Amino acid sequence: FVVLGASGDLAKKKIIPTLWWLYRDDLLPDHIHIIGYARSKMSVADIRAKAFPYMKVKDSEKAKLDSFFAAMSYVQGSYSEEDGFKKLDTAIKAFHNGNKANRLFYLALPPTVFAEVTQNIHDHCFEHEGWNRIIIEKPFGRDFDSSAKLSNHLSRLFDESQLYRIDHYLGKEMVQNLMVLRFANRLFGPVWNRDNISSVLITFKEPFGTTGRGGYFDKFGIIRDVMQNHLFQVLCLTAMEKPASNNADDIRDEKVKVLKCIRPLKLDDLVLGQYVADPEGTGDAKEGYLDDPTVPKGSVTPTFAVGKFNICNERWDGVPFILKCGKALNERKAEVRVQFRDVPGDIFSNGVVKRNELVMRVQPNEAVYCKMMTKSPGMNVEPVETEMDLSYNLRYKDVKMPDAYERLILDVFTGSQLNFVRSDELSEAWRIFTPVLHQIENEKVNPIPYKYGTRGPEEADVFIKAAGFHYSSTYKWVNPNL
Ligand code: BG6
């Protein structure tokens, strides 16, 4: 397992800790060897020191941790020149049975070096008896053309079956559960359509800003960072037809079909926001996006966006899929909210009966709950709102929920591409977003300011309401743990 970019942030915060958790739980293959590769002069001890704060090691696991790092080595080399990659190849071949070892290359690298690194891996590290797999992380380009250029480059070098494009939302428990909920329950299948569903709201909220990564973020913005990938994957799994089987390509075929039914997004179907400081706030809340020294002065990059999409097919035409995402908001939350139509012919007092909603909460506190009406307990025959609730930490008390990266890296070892993005999914997603992204940039469309720690711009709530999502403040989900 070669971690390219071993000195970087992603490696220390995610990849090395994830490999450790898998190793700790005996989920990695026997005789695994991990090689860090980067330009800096460093050692395994340095990698250990950098990653340790993120590894959550218990005192009782110290011996195992030592054996994990004993299975690691480091190769220093440049990304653009072949020498380093030849050295890497020699280092792998020097292991016992090294020539037969299967090789997995994780590109924990900035996109600027993707092309040269993959070329070098292909040219100098691919000649041996075992298999080769490449894991790459977004951003897969910035728009349709740059993404196509990268895809063409990769497809010249590798077979699609060797490529694992990570979208870590596909490794989340509840995102993986979407297929089971939909296709293993008779309860939902027959009503999962435009006749019964009035809108679908997919939300991603984070309570912190871009501090520390403003420089990166500003080149991409929230639409490329979250909506075009994470939220679109969730949209596809929510909207797709039942695949012929649960194998990777059958599922990815269905996702692509959904995307093909979505027209390019228009500016009118978007609300954009950018967070500003909350002078009364504490800590980071005192800094707006533009106060981050790594963000260019006067940047109009959105940190918040709501988009409305129509899936123009038999099942969904006319049902708005509303995708909302933002940084520096009032809470951390990611969920899918399927809102049903009004009950026709209401026989109860006007307005009491509220719409049903099926909510799949991705994080925090995974839960599936159904908002429904019941008779208010007692003498009266009055409908009241309630819920049928499957809260994971109550129902599955002792189950350890693996981190998204743990599942995904394990999938790569086992050769399952089900939870990875295929190149045609990617190009369809870029087709939908590229025109509006270019328009926003060319016209320097001003995002609406919203205060750090709020729900986002009020205009977004107005837009969501107008799009057809009914919000009644009468219901609040009560955390059953409290
Ligand atoms: C990443 C984005 O892909 O996902 C980040 O680049 C975002 O901006 C992160 O914070 C959210 O991931 P999670 O797993 O914390 O919801």
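Residues: numbered from 1 along the sequence shown. The structure presented is a predicted model; accordingly, all values stated were derived computationally and were not measured.
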Could you walk me through whether Lys255 and Gln233 pass the side-chain hydrogen bond (donor to acceptor under 3.5 Å, both in side chains) test, one step at a time? CA-CA 8 Å; Lys255 292 204 269 179; Gln233 284 294 338; 2.6 Å; yes
Before you tell me yes or no, could you show the steps for Leu358 and Met360 under side-chain contact (heavy atoms from CB on, under 4.5 Å), namely the whole-Å CA-CA distance, both residues' side-chain angles and the distance that decides it to 0.1 Å? CA-CA 7 Å; Leu358 177 69; Met360 287 146 286; 4.0 Å; yes
Worked verdict on Glu173 versus Asn177 for side-chain hydrogen bond (donor to acceptor under 3.5 Å, both in side chains): CA-CA 6 Å; Glu173 178 71 27; Asn177 195 13; 5.8 Å; no
Start with the C-alpha distance between His230 and His168, add both sets of side-chain angles, then the distance that settles side-chain contact (heavy atoms from CB on, under 4.5 Å), and finish with yes or no. CA-CA 8 Å; His230 303 329; His168 79 285; 3.5 Å; yes
Set out, in order, the CA-CA distance, both residues' side-chain angles and the distance that settles side-chain hydrogen bond (donor to acceptor under 3.5 Å, both in side chains) for Glu287 and Tyr452, then state yes or no. CA-CA 8 Å; Glu287 289 221 331; Tyr452 196 119; over 6 Å; no
Worked check of side-chain contact (heavy atoms from CB on, under 4.5 Å) between Ser146 and Trp430: CA-CA 10 Å; Ser146 52; Trp430 278 121; over 6 Å; no
Audit row: Ile134, Leu157, side-chain contact (heavy atoms from CB on, under 4.5 Å) steps and yes/no: CA-CA 11 Å; Ile134 313 275; Leu157 302 177; over 6 Å; no
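Taking the side-chain contact (heavy atoms from CB on, under 4.5 Å) definition, one finds that Asp9 meets it with Lys12, Lys13, sequence neighbours left out. Applying the ring pair (Phe, Tyr, Trp, His ring centres under 6.0 Å) test to Phe144 and every residue at least two apart in sequence or in another chain returns nothing.
Counting non-hydrogen atoms of neighbouring residues, nucleotides and ligands closer than 6.0 angstrom, the CZ atom of Arg263 reaches no more than 12 such neighbours. In the displayed structure, Lys56 atom NZ is contacted under 6.0 Å by at most 12 heavy atoms of other residues, nucleotides or ligands. For Lys100, the NZ atom sits in a loose shell: 12 or fewer heavy atoms of surrounding residues, nucleotides or ligands are nearer than 6.0 Å. Annotation for Glu331: atom CD counts as buried by contact number, over 12 foreign heavy atoms lying within 6.0 Å. Crowding of Lys62 atom NZ: a count of heavy atoms from other residues, nucleotides or ligands under 6.0 Å exceeding 12. Applying the 6.0 Å contact sphere to CZ of Arg39 captures no more than 12 heavy atoms from other residues, nucleotides or ligands. Counting heavy atoms of neighbouring residues, nucleotides and ligands inside a 6.0 Å radius, atom NZ of Lys58 does not exceed 12 of them.
Although no hydrogens or angles enter the test, the distance criterion places no donor-acceptor pair under 3.5 Å between the side chain of Lys93 and the main chain of Asn99. Remark: the backbone N or O of Ala239 is not paired with any side-chain donor or acceptor of Trp192 at under 3.5 angstrom. Asn120 places no side-chain N or O within 3.5 Å of a backbone atom of Val117 that could act as its donor or acceptor partner. For the pair Arg182 (side chain) and Met240 (backbone), a donor-acceptor distance under 3.5 Å is present. A side-chain donor-acceptor contact under 3.5 Å links Arg133 to the backbone of Val412. In this structure, Lys64 contributes its side chain and Arg24 its backbone to a donor-acceptor pair below 3.5 Å. No donor-acceptor pair closer than 3.5 Å links the side chain of Lys86 to the backbone N or O of His124. Ser147 places no side-chain N or O within donor-acceptor distance of the main-chain N or O of Gly141, the cut-off being under 3.5 Å. Judged purely by atom type and a 3.5 angstrom limit, Asp46 uses its side chain to pair as donor or acceptor with the backbone of Ser43. Without hydrogens or angle criteria, His128 side chain to Gly98 main chain gives no donor-acceptor distance under 3.5 Å.
With a 4.5 Å cut-off on side-chain heavy atoms, Arg407 and Lys172 do not count as touching. You'll find the side chain of Asn365 stays beyond 4.5 Å of the side chain of Ser391, heavy atoms only. Two residues are said to be in side-chain contact when any heavy atoms from C-beta on lie closer than 4.5 Å; Leu28 and Phe413 meet this criterion. In this structure, the side chains of Gln274 and Leu290 come closer than 4.5 Å at one or more pairs of heavy atoms. Using a 4.5 Å heavy-atom threshold, the side chains of Glu160 and Arg165 count as touching. Looking at Glu441 and Arg142, their side chains come closer than 4.5 Å, going by heavy atoms from C-beta outward. The shortest distance between side-chain heavy atoms of Asn229 and Tyr169 does not fall below 4.5 Å. Residues Tyr74 and Gln76 are in side-chain contact: their nearest non-hydrogen atoms beyond the backbone lie under 4.5 Å apart.
Contact record, Leu4 with Phe85: CD2-CE2, 3.9 Å, taken as the closest heavy-atom pair. Across every non-hydrogen atom of Ile440 and Leu272, the tightest pair is CD1-CD1, 3.7 Å. Asn102 and Gly130 get closest at one heavy-atom pair: OD1-CA, 3.4 Å. Smallest separation of non-hydrogen atoms from Ala277 and Lys286: CB-O, 3.1 Å.
The aromatic rings of Trp316 and Phe321 lie perpendicular to each other, with more than 60° between the two planes, well past the 30° mark. In this structure, Phe126 and His122 have tilted ring planes: the angle between them lies in the 30° to 60° band.
In this structure, Asp253 pairs ionically with Arg422, as a charged nitrogen and a carboxylate oxygen lie closer than 4.0 Å. A salt bridge does not link Asp389 with Arg361: every distance from a Lys NZ or Arg NE/NH1/NH2 to an Asp or Glu carboxylate oxygen is 4.0 Å or more. With respect to Arg252 and Asp424, no salt bridge is recorded, no charged nitrogen being found less than 4.0 Å from a carboxylate O. Using a cutoff of 4.0 Å between basic side-chain nitrogens and carboxylate oxygens, Arg48 and Asp66 are scored as salt-bridged. Between Glu137 and Lys14, no side-chain nitrogen of the basic residue sits less than 4.0 Å from a carboxylate oxygen of the acidic one, so the salt-bridge criterion is not met. Electrostatic pairing of Arg103 and Asp89 counts as a salt bridge here, judged by a charged N lying under 4.0 Å from a carboxylate O.
Atom-to-atom distance recorded for Asp411:CG and Tyr164:OH is 8.5 Å, nearest 0.5 angstrom. Distance SG/Cys125 to CD/Glu82: 11.0 Å, rounded to 0.5 Å. Atom CE of Met72 and atom OH of Tyr23 lie 10.5 Å apart (nearest 0.5 Å). If you take OH on Tyr216 and CG on Asp225, they are separated by 4.5 Å, rounding to the nearest 0.5 Å. Note that CG of Leu231 is 9.5 Å distant from CG of Asp167, once rounded to the nearest 0.5 Å. Here the straight-line distance linking atom CD1 of Ile15 with atom CD1 of Ile47 works out to 12.5 Å at 0.5 Å rounding.
Ring centers of Tyr37 and Phe105: at least 6.0 Å apart, outside the cut-off. When ring centroids are compared, Phe433 and Phe309 come within the 6.0 Å threshold.
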